[in-house]
Amino acid sequence: MKPRLVLHAFLAVMAVGWLVPLLWGLFNSLRDYAYTGTHGYFSFGGFTFDNYVNAWERAEFGEKFLNSIYITVPAVLATLFLASCAAFVLARFSFKLNLTLLGIFVAANLLPPQALLIPVYRAFRELELLDSYTGVVLINTAFQLGFCTLVLSNYMKTIPHELYESAEVDGAGVTRQFFTLTLPLVRPALAALTTLQVTWIYNEFFWPTVLITDGDKYPITSSLNNLRGEFFTDYNLLSAGSIIVALPTLLVFFVLQRQFVSGLTLGSTKG
């Protein structure tokens, strides 16, 4: 019984540790900066919703949210589709370079984005992909493809080969096996990856800031820079902006929560 109590205590402490920064940001986003400047951030009072109104107007979140959709939706769809195709080949067929190919996909995730900044920037400049949504979609797809391929290939390997043999007997080709048999069976994994990919790509700050110089095309995360002054930053206003930016990802998580948990636990009791 004691190990269980220790585990629960540990999980409770970790949960509080993760929630404190979020709750602290939410608390200060509802307070007037002049009040906290006078009484300090550990005071109580000065509550207002003006920070949210001002953050929405100054950062132009309505327009920038559409920009984030133009980047996130195509990047997520392209990543999951290409990863599904690659994972299907790696899981369904055995050939000499099977593990080598999977290793190449995974190795791409080991490179820090900052290390590729200069070559990627020069390549995109030559291809005229700077200041375009296409360039940001491509770079996000490239960086997320390896992780999704690894996860999906592991899920697809759990599908019994007898199902594919039955499909072949019924005259189903490889393409039909992929779309009508494999994809429906890995739907929990796709839902889990969708939640993660939407969160990661939507919250991506580095590549949009590097590859886009036109402020009108900035995604919502990069527009948080508009809430920072050259010599002064209202951190209460910045906290309100951060809360607004985080809301769509929370909505996606709650919508796909059941599939997300199912995807993470699928196969956990196998073997």
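Starting from 1, each residue takes its place in the sequence as its number.
Contact of the Phe65 side chain with the Leu247 side chain is not registered, since no non-hydrogen atoms from C-beta on lie closer than 4.5 Å. Between Ser84 and Val186, the closest side-chain pair of non-hydrogen atoms is not below 4.5 Å. Looking at heavy atoms from C-beta onward, Leu185 lies in side-chain contact with Leu163 at the 4.5 angstrom threshold. In this structure, Ile244 and Trp56 have side chains that are in contact, with non-hydrogen atoms separated by less than 4.5 Å. Counting heavy atoms from C-beta outward, Val76 and Ile201 have side chains that approach closer than 4.5 Å. A 4.5 Å side-chain heavy-atom check between Thr79 and Asn140 finds every atom pair outside the cut-off. Side chains of Lys217 and Tyr70 form no contact here, defined as non-hydrogen atoms less than 4.5 Å apart.
Taking all atoms of both residues into account, the shortest heavy-atom contact from Cys148 to Gln197 is SG-NE2, 3.4 Å. Contact record, Val210 with Leu117: CG1-CD1, 3.1 Å, taken as the closest heavy-atom pair. In plain terms, the two heavy atoms of Thr149 and Ala86 that are nearest each other are CG2-CB, 4.0 Å. In plain terms, the two heavy atoms of Leu145 and Ala83 that are nearest each other are CD1-N, 3.4 Å. Contact between Pro113 and Phe143 at its shortest, heavy atoms only, is CA-CZ, 4.0 Å. The two residues Lys64 and Ala59 make their nearest non-hydrogen contact at CG-O, 3.6 Å.
Counting only distance, with no hydrogens or angles, the side chain of Ser153 and the backbone of Leu150 share a donor-acceptor pair below 3.5 Å. No side-chain donor-acceptor contact under 3.5 Å links Ser222 to the backbone of Pro219. Between the side chain of Thr182 and the backbone N or O of Gln177 there is at least one donor-acceptor pair closer than 3.5 Å.
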Mind running side chain to side chain contact (heavy atoms under 4.5 Å, CB included) on Thr221 and Glu204 for me, showing each step along the way? CA-CA 7 Å; Thr221 49; Glu204 175 63 43; 5.9 Å; no
Please assess Tyr202 against Ile220 for the test side chain to side chain contact (heavy atoms under 4.5 Å, CB included), listing each intermediate value before the final yes or no. CA-CA 8 Å; Tyr202 174 86; Ile220 195 170; 3.3 Å; yes
Please assess Arg58 against Leu237 for the test side chain to side chain contact (heavy atoms under 4.5 Å, CB included), listing each intermediate value before the final yes or no. CA-CA 10 Å; Arg58 284 181 53 180; Leu237 181 67; 3.1 Å; yes
Go through the steps for Ile243 and Leu22 under the test side chain to side chain contact (heavy atoms under 4.5 Å, CB included), then give the verdict. CA-CA 9 Å; Ile243 295 296; Leu22 176 63; 4.0 Å; yes
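The closest side-chain donor-acceptor pair between Thr213 and Asp131 falls under 3.5 angstrom. A donor-acceptor pair shorter than 3.5 Å cannot be found between the side chains of Ser239 and Arg31. A donor atom on one side chain and an acceptor atom on the other are found under 3.5 Å apart for Ser29 and Tyr52.
The structure places CG of Leu77 at 10.5 Å from CG of Leu82, a figure rounded to the nearest 0.5 Å. A distance of 8.0 Å separates CG in Leu227 from OG in Ser242, rounded to the nearest 0.5 Å. The line from CG of Asn28 to CG of Asp234 is 10.5 Å long, rounded to the nearest 0.5 Å. Here the straight-line distance linking atom OH of Tyr35 with atom OG1 of Thr48 works out to 13.0 Å at 0.5 Å rounding. For the atom pair CG (Asn236) and CG (Asp32), the distance works out to 7.5 Å, reported to the nearest 0.5 Å. Taken from OH in Tyr218 to CG in Leu224, the straight-line distance is 12.0 Å, to the nearest 0.5 Å.
Checked against a 6.0 Å centroid threshold, the rings of Trp207 and Tyr121 do not count as neighbours. Aromatic rings from Phe147 and Trp200 are positioned such that their centres are separated by under 6.0 Å.
Cluster membership for Phe27 and Val245, using ILVMFWY side-chain heavy atoms within less than 4.5 angstrom, is shared. Taken together through direct or relayed side-chain contacts under 4.5 Å among Ile, Leu, Val, Met, Phe, Trp and Tyr, Val16 and Phe42 form parts of separate hydrophobic clusters. Note on Leu181: it clusters hydrophobically with Phe81, by side-chain heavy-atom contacts below 4.5 Å among ILVMFWY residues. There is a path of hydrophobic side-chain contacts, each under 4.5 Å, that joins Trp24 to Tyr33. The hydrophobic cluster containing Ile159 also contains Phe179, counting ILVMFWY residues as joined when their side-chain heavy atoms lie under 4.5 angstrom apart, directly or transitively.
The environment of Ile118 atom CD1 is sparse: at most 12 non-hydrogen atoms of other residues, nucleotides or ligands sit within 6.0 angstrom. No more than 12 heavy atoms of other residues, nucleotides or ligands shown are found within 6.0 angstrom of CD on Glu128. Heavy-atom neighbours of Phe93 CZ from other residues, nucleotides or ligands within 6.0 Å: above the threshold of 12.
Below 30°, between 30° and 60°, or above 60°: for Phe44 and Phe47 the angle between ring planes is above 60°, a perpendicular geometry.
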